[in-house]
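Remarks on the structure that follows.
We count residues from 1, following the sequence as given. Just follow the structure's listing: the first ligand is 1, and inside any ligand the first atom is 1.
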Amino acid sequence: MTDVIDKPATSPISTSRHGDVLIVKSNNPPVNALGAAVRQGLVAAIEEAESDEGVKAVVIACEGQTFFAGADITEFGKPPVMPWLPTVVDTIENCSKPVVAAIHGTALGGGLEVALGCHYRVAVPSAKLGVPEVKLGLLPGAGGTQRLPRVAGVPKALEMATTGKMITAKEACGVGLIDRQIEGDLIPHAVAYAEEVRDIRPLPKSSERDEKLAEARDNPGLFDEFRKANGRKFRGFEAPEANIQCIEAAVSKPFSEGVIVERTKFMELLGGTQAKAQQYFFFSERKAAKIEGVGEDVKPREIKKVGVIGAGTMGGGISMNFLSAGIPVTIYEMNQEALDRGTGIMRKNYEATAAKGRVTAEQVEQAMGLLNPTLDFEVLADCDLIIEAVFEQMEIKKDIFTRLDQIVKQGAILASNTSYLNIDEIAAVTSRPQDVVGLHFFSPANVMKLLEVVRGAKTAGDVEIVQRTLYTMVNEGAKILEEGMAQRASDIDVVWVYGYGWPVYRGGPMFWADTEGLQKIVDGLRAQEQRMGSDFSFSHMLLDKAEKGEKFTR
Ligand code: T1G
């Protein structure tokens, strides 16, 4: 039975003709996720191309920031809406006219699978391509584990699918994943390319390619060598091995059977806790950057120049963050020896990163060229943001903020990197407590992704965890929520995953607590209550939620 796909009235997919080429465009902001309406629109567009004799070729492109960035993750766990993404990809691949994918931004997951269903792929040089499903505890479930190795080769497919890392358009060209890089306007060039290939037959279907699989067949040890080389990295995660097994099936089985292995493994992972934890974490990470109670109308202050006080480990690492983002930094120290030592370590760190090929020597010089070391405190006066990163002594901090208050221009943000001292007490020595905030970086600050922003009682909108073992940690987490020190349970989880190495496939302590069951945690704590003595007290929120069978994170 074939499903009749009707394009909804306001489909995110539009079609237009350019000569005998049908241009299919998706406009589904922010990232053209392949939600139900997009899938329905794509199938309807291919049907339109098939039924119109005047159409000789098709170009699929996206408006906005990016080509399709994958399946719509918000649809996971909800009742499925037809067509499935694999059906969409098969429909594109089985089109009797050549289909060209025109890629810009990031072609990710299901987006790259759609592109692999197309007969040709062109991209702008800045485009990136990847299958990051493994970061969501999954695998490419729309034929990606079968088509990607056929087009890009098994070693590249293994690397991309098990790390989730994106590759550049240049690299993709190098492995045959992209047929041409386009300088200039993408769509007109993609149409010209479609004209070039319009009459070539047979159409190059990714699912029918075999030459790159043959190479892998000649090297049967390839997969076990790959497992051995990456064993430590994948430890604890379920998805990487499932990705490997699907790509193995691509080598050992015909396409029609390989996609069945893929579907089975995909559904197994989708039903598991790890995938739920990692999808939860995807959204938690993004939510963490949003500050409740700060209106949409509050515009962030512009930060063009940063000052850092203290060239020690934290001051140096914090400075590198801004330098690497192209923001000039004035770094202040009290004596030349400390200043030279600090800036010397920053250069060494950059050179070490360059030695690993993560940045170029030119980028190192660019970043260090933006650094202005000084022994003159007054030079900080025209910075837009000043971050103090000196010893954790309240008197020293108060002295610095008093001096900053006297010299720094109005409207600048005054921040302390303190990890536990009271921000309000520091702010109180200034005439502008509304401009004072805590910015608690984690060491090494140029590596760790986590930044805790601590709002003082007077911190203006436009300028904010830890101790115990698991059950007591959850109880403390609940207390932190009760006291309003964290906006949401997921923020506590982001701090633990990025700041303290909590495994992402467990989501974080609060997500884990929900998976564990709150009543079980309460019972466990009751059992230790006597041993813990008078210091211990239950969080009312934890008791209440446990009693009502509620959860923290969902
Ligand atoms: N589905 C739903 N929402 C998404 C989304 C997605 N795939 N990607 C991003 N968003 C939302 C995000 O939550 C945020 O919302 C807004 O878009 C902007 O995102 C069958 C199973 C594309 C590199 O894993 O890596 O395909 O917070 O802040 O920094 O094989 O988003 O504004 O409300 O991150 O410019 C595979 C996930 C899916 C890619 C852009 N794809 N996305 O980064 O913006 S699984 C992915 C990203 C799949 C198939 C399988 C990034 C980005 P809000 P943002 P950004």
Side-chain angles (χ1 to χ4, degrees), residues 12 26-39 42 62-78 80-90 92 103-117 126-148 157 160-168 206 239 242-243 246-247 258-259 261-272 274-276 278-292 296 325 449 487-488 490-491 494 504:
S26 173
N27 186 11
N28 186 33
V31 295
N32 284 298
L34 289 150
V38 173
R39 300 193 302 272
L42 283 173
C62 293
E63 307 214 21
Q65 98 178 52
T66 180
F67 192 75
F68 306 109
D72 186 334
I73 308 170
T74 63
E75 287 185 352
F76 293 173
K78 295 180 183 152
V81 179
M82 290 306 129
W84 290 101
L85 190 55
T87 309
V88 177
V89 176
D90 292 346
I92 293 170
I103 299 171
H104 77 291
T106 52
L108 301 176
L112 183 53
E113 292 172 296
V114 164
L116 283 163
S126 58
K128 295 248 171 67
L129 300 86
V131 279
E133 284 86 342
V134 73
K135 293 185 180 175
L136 299 168
L138 294 171
L139 52 84
T145 67
Q146 305 304 303
R147 288 190 174 89
L148 186 60
M160 290 175 73
T162 57
T163 64
K165 284 202 187 113
M166 301 186 214
I167 65 171
T168 62
S206 309
N243 275 274
C246 290
I247 297 171
V259 285
V261 174
E262 178 188 279
R263 176 72 9 205
T264 311
K265 298 239 167 264
F266 180 83
M267 295 315 284
E268 276 168 20
L269 291 173
L270 191 66
Q274 289 202 358
K276 290 186 182 64
Q278 289 175 261
Q279 285 148 37
Y280 155 81
F281 193 75
F282 174 85
F283 291 113
S284 300
E285 194 182 354
R286 283 154 182 79
K287 257 194 261 168
K290 298 182 178 131
I291 303 172
E292 274 160 19
E296 294 284 322
K449 271 181 107 172
Q487 297 180 89
R488 15 178 131 87
S490 60
D491 292 353
V494 171
V504 66

Heavy-atom check, side chain of Leu116 versus side chain of Val89, under 4.5 Å: no

With heavy-atom distances below 4.5 Å as the criterion, would you say the side chains of His104 and Cys62 are in contact? yes

For [atom], find the nearest protein heavy atom and state the residue, atom name and distance (0.1 Å precision).
atom	value
atom 16 (C) of ligand 1	Pro30 CG, 3.5 Å
atom 7 (N) of ligand 1	Ala71 O, 2.9 Å
atom 1 (N) of ligand 1	Ile73 N, 2.9 Å
atom 8 (N) of ligand 1	Val31 CG2, 3.5 Å
atom 2 (C) of ligand 1	Asp72 OD1, 3.3 Å
atom 35 (O) of ligand 1	Gln65 NE2, 3.0 Å

Are any of the N or O atoms of [X] closer than 3.5 Å to those of ligand 1?
X	answer
Gly110	yes
Phe76	no
Arg286	yes
Gly141	yes
Phe266	no

Any idea which of Trp84, Phe283, Phe282 brings a heavy atom closest to atom 42 (N) of ligand 1?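 The residue whose heavy atom sits nearest atom 42 (N) of ligand 1 is Phe282.
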
Option of least heavy-atom distance to atom 33 (O) of ligand 1 (set: Lys290, Glu133, Glu75, Glu113): Lys290

Under 3.5 Å, side chain of [X] to main-chain N/O of [Y], donor-acceptor pair present?
X	Y	result
Asn28	Ala33	yes
Thr106	Lys128	no
Arg488	Lys287	yes

Closest non-hydrogen atom pair, [X] against [Y]:
X	Y	answer
Pro140	Thr145	O-CG2, 3.5 Å
Pro86	Arg263	CG-NH2, 3.6 Å
Leu269	Gly137	CB-O, 3.5 Å
Val134	Gly164	CG1-N, 3.6 Å

Should the proximity of Val131 to ligand 1, defined as any heavy atom under 4.0 Å, be assigned to the side chain, the backbone, both, or neither?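 The answer is neither.
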
With a 4.0 Å heavy-atom cut-off (strictly under), which part of Ala69 contacts ligand 1: side chain, backbone, both or neither? both

Salt bridge check, Asp90 against Arg39: does any charged N sit closer than 4.0 Å to a carboxylate O?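 Looking at Asp90 together with Arg39, the answer is no, because their closest N to O distance does not fall below 4.0 Å.
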
What atoms in ligand 1 come closer than 4.0 Å to a heavy atom of [X]?
X	result
Pro132	24 (O), 41 (N), 46 (C)
Leu136	24 (O), 38 (C), 45 (S)
Pro140	30 (O)

Touching ligand 1 at all, Gly144? Heavy atoms, strictly under 4.0 Å?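 No, Gly144 has no heavy atoms under 4.0 Å from ligand 1.
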
Tell me whether [atom] lies less than 4.0 Å from at least one protein heavy-atom position.
atom	answer
atom 29 (O) of ligand 1	no
atom 52 (C) of ligand 1	no
atom 24 (O) of ligand 1	yes

To the closest 0.5 Å, what do you measure between CG (Leu129) and CG (Leu108)? 8.0 Å

Roughly how far, to the nearest 0.5 Å, is NZ of Lys135 from OG1 of Thr163?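 Output value for this atom pair is 7.5 Å.
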
Leu138 and its side-chain contact (heavy atoms from CB on, under 4.5 Å) partner, picked from Gln279, Gln278, Lys265, Gln274: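 Only match with Leu138 under side-chain contact (heavy atoms from CB on, under 4.5 Å): Gln279.
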
